[in-house]
Amino acid sequence: MPDANTALLAKRLSRTILDRLPPAIERPAYDRAAVTPGIVHIGLGAFCRAHLATYTDDVLATGETGWGIVGVDPLSPAIRDALKPQDGLYTLLVREDGRDSLRVVGSFLDAMATADQLDEALALMSTPEIRIVTLTVTEKGYCQDAATGSLDEMHPLIRADLAAPEAPRSVPGLLAEAIRRRRAAGLAPFTVLVCDNLAQNGIKVRGIVIRYAELRDPELAAYIAEHVSFPCTMVDRITPATQDADRATVDAALGCRDAWPVVSEPFKQWVIEDRFPLGRPAWEKAGAILVDDVHPFELMKLRCLNGAHSLLAYLSVVAGIETIADAMADPHLPAVMRRLWAEDLIPTLPPVPGTDIPAYTAALEARFRNPGIRHRTIQISSDGSQKLPPRLLEPARELFAAGRIPAVIPLAVAAWMRFLLEVDEAGNAYKVADPLAGALTGIARAHRDDPAALADALFAIGDVFAPELAAEAAFRTAVVAWLESLMTAGVRPTLEAFLAAP
Ligand code: CS2
């Protein structure tokens with residue numbers, strides 16, 4: 001006989017058991033049956049489910065009914081397969097200092113995967129009800145050349161889509177085809193709302209989609225350029241990948257099984273340019289900030305939060321430090337991070353309306369220390385070739401252009417280069433996850449005993465390093481010196497030497 005607990009856990013989270021969940025679990029405070037889809041969201045990872053979906057859930061709770069979300073996974077059906085039997089429901093576990101709070105989020109009405117539902121997804125995107133397409137597909141999802149932010153025209157998915165544009169597999173191809181279908185049906189285009197960590201994300205993705213459309217059909221490109229709105233956004237909520245222990249915590253609290261809960265910190269922020277020709281949910285009612293110009297907010301977040309994350313991640317993976325909270329307990333890393341902010345990043349930022357930047361970075365440090373969030377440094381280390389340019393290389397370029405020499409960015413870049421060796425200082429192997437992993441790790445292997453040759457070979461990758469930056473002698477010298485120190489002395493002595501220098 002299964003005991004009572006096993007019997008409960010055999011049940012799956014779904015709408016039929018929503019009102020039987022324990023009282024402490026927050027749940028949709030509105031009639032989901034009355035909500036219709038207004039948004040298609042592409043990319044079903046953890047982040048959008050902790051961020052956009054909770055803002056939208058809060059708006060639905062104010063009585064708006066036309067802005068439910070249908071999620072579309074452009075990669076694998078795994079999350080669709082987890083959410084579909086749960087009627088789109090999942091749990092957000094918010095953690096801080098061992099205090100957990102749980103919330104079942106109701107704003108996803110349905111989930112699809114383009115792997116086997118491409119036509120269904122395109123048909124939905126071509127209906128009048130869908131007025132916004134939101135995206136969280138990570139930096140690499142846009143098939144961009146990271147150093148310039150323009151379309152990577154040789155990207156295999158782009159080549160494939162240009163050969164068969166009505167059955168797209170890339171994100172630019174999907175957006176262009178959906179916009180074409182709407183236009184053919186006499187419908188105004190949806191707004192494209194990019195929620196990924198790219199600098200000037202809306203402007204960049206607009207350029208990428210227009211360039212793709214130009215290669216497909218210049219007339220479509222002109223139409224997109226004239227009629228489609230791509231507001232920029234700044235998105236923020238630390239949302240580590242869900243671990244098995246989190247699933248167990250959620251299942252025990254719910255008394256039923258949630259196949260794919262999400263874990264996040266309490267903090268969240270969303271700054272959005274208010275350009276939605278077909279309307280939008282009143283996200284401001286849920287705390288979003290609607291502005292004319294997102295740029296200052298986005299630079300502050302992308303550089304201070306994400307730039308610090310990347311610095312900490314590469315040094316930590318090499319030193320064997322597993323999480324960002326552990327890195328914050330290290331005797332040296334927090335001091336190095338503060339110097340990155342003060343010396344290299346804050347000087348590149350314009351004033352940010354209503355924000356005191358030193359207070360912002362102090363709050364960031366407290367968020368990084370949150371012991372409830374086990375944000376793994378190996379997770380943040382992924383896709384460095386895409387992440388380094390907006391987070392750290394663009395500010396370095398701006399500092400040089402202003403006649404200044406970055407003090408800490410070369411150390412972060414050297415740490416990334418050392419990380420590409422795929423073995424930490426204790427001899428433990430790990431894998432580099434990156435769209436350029438093959439090329440990057442091949443270079444690292446070829447030059448594992450020669451820091452200068454390793455740095456030079458990596459500087460020559462134009463998708464990552466803009467030629468002006470690679471040509472800065474002072475940048476090269478500093479990166480090579482730190483890389484040599486990391487490869488010969490190791491992380492700890494390198495950080496000690498760094499902090500000892502004036
Ligand atoms: C992180 C981000 O994985 C990473 O690269 O820097 O996911 C970060 O946690 C979010 O942008 C926070 O909003």
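All ligand and atom numbering here is 1-based and tracks the order in the structure. When a residue number appears, it is its place in the shown sequence, counting from 1.
For the pair Arg237 and Tyr55, the NZ or CZ position fails the cation-pi test of under 6.0 Å to the six-membered ring centre and within 45 degrees of the ring normal. Both tests hold for Arg131 against Trp67: distance to the six-membered ring centre under 6.0 Å, angle to the ring axis within 45°. With Phe459 as the aromatic partner, Arg476 does not meet the cation-pi criteria of under 6.0 angstrom to the ring centre and within 45 degrees of the ring axis.
In this structure, atom 11 (O) of ligand 1 lies nearest to the protein heavy atom Lys301 NZ, 2.7 Å. Nearest non-hydrogen protein atom to atom 1 (C) of ligand 1 is His309 ND1, 3.3 Å. Looking only at heavy atoms of the protein, atom 12 (C) of ligand 1 is closest to Asp236 OD1, 3.3 Å.
Trp270 and His51 have perpendicular rings, their planes meeting at more than 60° on a 0 to 90° scale where under 30° would count as parallel.
Put simply, atom 7 (O) of ligand 1 has no protein non-hydrogen atoms near it, under 4.0 Å away.
We find that Glu394 and Arg397 are not joined by a salt bridge, their nearest charged nitrogen and carboxylate oxygen being 4.0 Å or further apart.
Contact annotation: for Asn197 versus ligand 1, heavy atoms closer than 4.0 Å belong to the side chain alone.
When Lys387, Arg391, Lys268 are checked for heavy-atom proximity to atom 3 (O) of ligand 1, Lys387 turns out nearest. For atom 2 (C) of ligand 1, the nearest non-hydrogen atom from the set Thr138, Val235, Leu305, Asn306 comes from Asn306.
Lys301 pairs in a side chain to side chain contact (heavy atoms under 4.5 Å, CB included) with only one of the listed residues (Val294, Val271, Leu364, Asn197), which is Asn197.
Residue Thr239 has no nitrogen or oxygen atom sitting less than 3.5 Å from a nitrogen or oxygen atom of ligand 1, judged on distance alone. Among the atoms of Arg367, none of the N or O lies under 3.5 angstrom from an N or O of ligand 1.
Those atoms of ligand 1 that come under 4.0 Å of a heavy atom in Ile380, given as number and element, are 3 (O), 4 (C), 5 (O).
Closest approach of Ser385 and Ala146 over heavy atoms only: O-CB, 3.4 Å.
Judged by the shortest distance from any of its heavy atoms, His375 lies inside the 4.0 Å radius around the atoms of ligand 1.
Here the two rings, on Phe368 and His309, have centers that are under 6.0 Å apart.
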